Amino acid sequence: MTRYVLKRLAGAAFVLLALSVLVYALFYLAPGDPARLACGERCNPRQIAQVREQLGLNDSMAVQYLRFLQGVFAGRDHSTGTSLVHCDAPCLGLSYQSDQQVTRLVLERLPATASLTLGAMVIWLVVGVGTGLLSALRRGGPTERLLTLITLAGTGTPVFILGLLLLMAVCAYLQWLPFPSYVPFGEDPEQWAWNMLLPWLTLGFFESAKYARLTRSSTLETLAEDHIRTFRAYGVGERSVVTRHALRGAVPPVIAVSAVDLGSMFGGAVLTESLFGIPGLGKTLIDGVKAIDLPVVVGVVMVTGTFVVLANVVADLLYAAADRRVVLT
């Protein structure tokens with residue numbers, strides 16, 4: 001197990017290194033002048049040249065990239081024009097727009113994204129797994145057809161359309177809730193929960209459709225295996241067959257997919273965060289792309305990529321723990 005984990009972590013480090021090179025290359029070649037955006041519209045060419053020198057944009061891409069790696073592993077000093085600011089490792093650079101350390105910016109936005117992702121995960125697992133299991137056990141009946149219709153509707157409805165429908169129905173028409181406005185958990189836990197309810201439902205229902213289909217197919221596949229037919233032939237109760245044997249084969253794929261989705265959602269819930277005004281990593285990434293704020297873009301992509309890679313490792317370990325037939329190599 002230790003050898004497998006170390007092997008996967010080494011592979012993860014290589015993937016993240018390749019990802020950082022790719023992101024740097026793409027945005028280095030992107031149109032636009034970050035120095036002009038950082039300086040402002042009223043800056044003259046001389047001031048823009050000073051800002052470009054201050055940000056190190058006159059150096060080659062290789063030099064800028066090596067400077068970025070130095071900051072990640074050892075920290076580095078940044079020039080603000082009048083003084084030097086030290087950024088401790090892991091340093092992801094300074095934002096071109098706000099001169100704020102990207103590491104600090106990511107840490108400030110991470111709780112909002114974690115609140116959205118973890119809450120939605122509970123919903124998509126409970127609703128998705130429950131719906132898929134019930135659909136498999138009621139195969140061929142009206143219950144299965146109804147649940148299949150709901151699942152298809154959830155799969156085919158874009159997340160922003162679903163969010164808008166919930167906003168109009170719950171906040172505007174029924175007036176059960178005020179329009180959500182993000183409140184940090186530390187300030188008011190009750191208001192935090194009420195304001196996160198609609199984002200949780202939006203993202204959770206959207207993802208639950210996938211888990212319903214996955215659970216249904218894996219449960220039907222497990223119920224068709226020979227050992228399940230043997231248990232039934234020996235008179236084992238249907239509840240015991242389902243809970244003790246069928247679910248054991250149906251759960252591992254759900255565990256693997258949910259771990260990967262959890263990692264990817266830390267930077268992939270852009271539409272939900274933008275729709276409900278949640279200041280998370282996804283919204284920060286979009287704002288950085290619009291402003292050509294290279295340190296913010298690279299920093300958020302690297303943090304998100306780290307979550308995705310680590311989630312894949314955790315998914316493999318959980319899959320092996322749930323299914324002893326899996327061999328880790």
Side-chain angles (χ1 to χ4, degrees), residues 95 97-98 100 102 104-132 146-147 149-212 258 261-291 293 296-297 299-300 303-304 307:
S95 169
Q97 298 296 306
S98 62
Q100 185 178 3
V102 176
R104 185 178 303 170
L105 179 65
V106 169
L107 292 177
E108 289 176 355
R109 303 298 176 89
L110 187 59
T113 297
S115 299
L116 172 63
T117 304
L118 294 176
M121 182 182 181
V122 174
I123 294 177
W124 80 53
L125 286 179
V126 173
V127 176
V129 174
T131 301
L146 176 61
L147 294 177
L149 180 62
I150 296 174
T151 300
L152 291 175
T155 305
T157 304
V159 65
F160 64 91
I161 296 295
L162 180 60
L164 287 175
L165 291 175
L166 284 175
L167 282 173
M168 289 188 295
V170 176
C171 300
Y173 182 70
L174 298 175
Q175 297 185 354
W176 287 348
L177 292 173
F179 283 90
S181 177
Y182 180 75
V183 176
F185 178 82
E187 294 183 6
D188 191 335
E190 182 178 356
Q191 289 299 317
W192 166 82
W194 282 115
N195 283 282
M196 291 298 297
L197 182 59
L198 289 183
W200 286 339
L201 291 175
T202 300
L203 188 58
F205 179 76
F206 178 77
E207 290 292 324
S208 64
K210 174 175 64 178
Y211 285 88
S258 61
D261 282 347
L262 179 63
S264 61
M265 282 297 167
F266 271 87
V270 177
L271 294 177
T272 306
E273 290 182 359
S274 300
L275 179 62
F276 293 98
I278 299 174
L281 293 180
K283 190 173 184 300
T284 303
L285 177 60
I286 295 300
D287 294 340
V289 171
K290 291 179 179 178
D293 199 340
V296 172
V297 173
V300 174
V303 171
T304 304
F307 279 119

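Please read these numbers as outputs of a predicted model, since none were measured by experiment. Along the sequence shown, residues are numbered consecutively beginning with 1.
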With heavy-atom distances below 4.5 Å as the criterion, would you say the side chains of [X] and [Y] are in contact?
{"X": "C171", "Y": "L198", "result": "yes"}
{"X": "L262", "Y": "L118", "result": "yes"}
{"X": "V106", "Y": "V102", "result": "yes"}
{"X": "L110", "Y": "F307", "result": "yes"}
{"X": "F205", "Y": "I123", "result": "no"}
{"X": "M196", "Y": "I278", "result": "yes"}
{"X": "D261", "Y": "W124", "result": "yes"}

W192: ring-ring contact (aromatic ring centres under 6.0 Å, His included) partners, not counting sequence neighbours: F185, W200

For F206, check ring-ring contact (aromatic ring centres under 6.0 Å, His included) against everything at least two apart and list the hits. none

From [X] atom [atom1] to [Y] atom [atom2], the distance as rounded to the nearest 0.5 Å:
{"X": "T304", "Y": "M265", "atom1": "OG1", "atom2": "CE", "result": "12.0 Å"}
{"X": "L275", "Y": "F160", "atom1": "CG", "atom2": "CZ", "result": "9.5 Å"}
{"X": "L203", "Y": "T117", "atom1": "CG", "atom2": "OG1", "result": "7.0 Å"}
{"X": "F276", "Y": "K283", "atom1": "CZ", "atom2": "NZ", "result": "14.5 Å"}
{"X": "D293", "Y": "L285", "atom1": "CG", "atom2": "CG", "result": "11.0 Å"}
{"X": "T202", "Y": "L167", "atom1": "OG1", "atom2": "CG", "result": "7.0 Å"}

Non-hydrogen atoms of [X] and [Y] that approach each other most closely:
{"X": "Y182", "Y": "A112", "answer": "OH-CA, 3.5 Å"}
{"X": "Q175", "Y": "A172", "answer": "CG-O, 3.5 Å"}
{"X": "T113", "Y": "G282", "answer": "OG1-N, 4.5 Å"}
{"X": "R109", "Y": "P279", "answer": "CD-O, 3.1 Å"}

Identify, with sequence neighbours excluded, every residue that meets salt bridge (charged side-chain N to carboxylate O under 4.0 Å, His left out) alongside E207.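 Salt bridge (charged side-chain N to carboxylate O under 4.0 Å, His left out) list for E207, sorted by chain: K210.
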
Give a yes or no answer on whether the side chain of S208 reaches the backbone of V127 with a donor-acceptor pair at less than 3.5 Å. no

